[in-house]
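Below is one structure, written out as structure tokens; comments come after it.
Labels below follow one simple rule: chain letters A, B, ... track the order of the sequence lines, proteins then strands, and each chain is numbered from 1. Keep in mind that this is a model prediction, so the values were computed, not measured.
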There are 2 protein chains.
Amino acid sequence: MRPKPHINRHYDGLLEELRRRVLEMGGFVEKQIADAIHALVERDSKEAELVIERDHIVNRMDVEIDEMCLNLLALHQPAARDLRFITTAMKINADLERAGDMAENICERAMELGQEPQLKPYVDLPRMARMAQEMLRDSLNSFVREDVELALKVCRDDDAVDALLEQIFRELISYMVEDPASISRAMRIIFVSKYLERVSDHATNIAEMVVFMVKGKSIRHLGEPPQEL
Amino acid sequence: MRPKPHINRHYDGLLEELRRRVLEMGGFVEKQIADAIHALVERDSKEAELVIERDHIVNRMDVEIDEMCLNLLALHQPAARDLRFITTAMKINADLERAGDMAENICERAMELGQEPQLKPYVDLPRMARMAQEMLRDSLNSFVREDVELALKVCRDDDAVDALLEQIFRELISYMVEDPASISRAMRIIFVSKYLERVSDHATNIAEMVVFMVKGKSIRHLGEPPQEL
């Protein structure tokens with residue numbers, strides 16, 4: 001027989017705390033990405049190093065949230081809806097940690113690029129970064145508010161990021177063709193754009209998990225994200 | 001009060017079934033990656049299309065394993081050790097599904113490359129693919145056997161994949177510098193190598209989760225993987 005879940009103030013407080021922590025980690029990761037792009041644009045290797053250093057904070061948050069979820073599952077035997085919320089938090093946590101790793105990767109490329117003359121002013125990359133950050137923020141808000149509409153918006157926004165990636169890619173290829181001396185720098189910039197694409201992919205993964213959590217059905221594998229469910 | 005976990009044949013059978021399914025999905029994903037690389041090497045766009053088509057099978061496995069885990073958590077209130085096993089399976093499942101997506105990405109690049117003259121014979125990419133596949137297999141075996149030694153081996157193998165990636169990268173840059181007409185093809189091949197790197201990253205993630213599951217401590221964020229724990 002299934003016992004009644006502990007519906008008490010302590011348990012509700014822990015769920016609230018879990019929500020708060022996931023948002024906090026998301027905010028931190030978002031800031032890491034913004035700072036990484038800032039370090040790239042400003043050619044500031046000191047800032048790049050600081051971002052890399054701060055990655056351990058993301059990692060600590062990851063471990064703590066994971067433990068918190070395990071404890072909630074072990075001690076409070078949550079029922080269907082909360083169970084899904086907590087297991088989704090665990091998976092979101094993994095996505096956030098890896099999105100944080102992208103900030104680190106961007107900084108590594110930024111430091112390499114900082115040692116060579118600048119290839120071109122950065123216009124599209126900061127735009128792409130802002131889009132990816134917004135998607136991350138929206139995906140986490142959709143999670144804590146259980147807002148399917150917002151989650152579906154994130155899935156649609158992914159197309160805009162992909163289009164921008166395609167544009168950056170084409171522009172850099174033309175640089176490479178015109179001047180082979182630019183190839184290794186152009187490659188590094190292309191990698192940065194791929195890291196940002198992966199951030200937006202993580203946000204999309206999170207959004208898809210939110211739809212699954214709320215609706216109990218998976219949109220992950222339908223091809224185009226539906227306009228509504 | 002925490003009730004005793006249902007230790008009965010039905011429950012044990014379900015855990016065994018979960019193990020079997022995770023391995024089965026891993027085997028399928030491994031095959032998808034092997035077939036994708038085969039399609040690339042043989043310039044066989046028909047095979048590439050088949051791999052892309054079969055991705056829906058990976059996706060179905062993903063959804064089914066996820067549901068199985070949720071049911072196990074909801075109905076059987078597993079205690080500490082099983083709880084960790086089941087939540088780890090859920091996360092591994094997500095990694096496997098995304099490793100499967102890499103096979104699809106490889107096929108897309110293979111189909112593009114098939115429309116242009118071959119740039120060079122593929123030697124390192126199939127080697128890299130075999131390494132990534134082996135890491136995936138080892139990581140899943142470490143999970144079902146709860147084998148920390150094997151998991152640590154996977155973490156160390158990741159360095160060999162990174163070294164090979166670096167070598168592929170350098171070679172292709174030299175192609176691009178010598179002949180700008182090769183740039184877009186070389187870029188596509190570099191992307192394939194990055195997809196394979198991501199497969200090995202997923203395997204490493206899985207291995208790190210296994211260490212955490214068995215030892216209860218995270219090695220994810222220690223920098224170099226330790227030789228032993």
More than 12 heavy atoms of other residues, nucleotides or ligands under 6.0 Å from NZ of B:Lys120: is that the case?
yes

Should B:Asp66 and A:Lys91 count as side-chain neighbours, where that means a heavy-atom distance under 4.5 Å?
yes

Which residue out of B:Ile173, B:Ile183, B:Asp201 racks up the most heavy-atom pairs below 4.5 Å with chain A?
B:Ile183

Of the non-hydrogen atoms in B:Leu83 and A:Leu70, which two are nearest, and what is the gap between them?
CD2-O, 3.7 Å

Pick from A:Glu178, A:Met176, A:Arg198, A:His56 with the largest number of heavy-atom pairs that fall under 4.5 Å of chain B:
A:Arg198

side-chain contact (heavy atoms from CB on, under 4.5 Å) assessment of A:Asn205 paired with B:Arg98
CA-CA 10 Å; A:Asn205 287 330; B:Arg98 293 178 203 172; 3.1 Å; yes

Please classify the contact of B:Met187 with chain A as side chain, backbone, both or neither, using a heavy-atom distance under 4.5 Å.
side chain

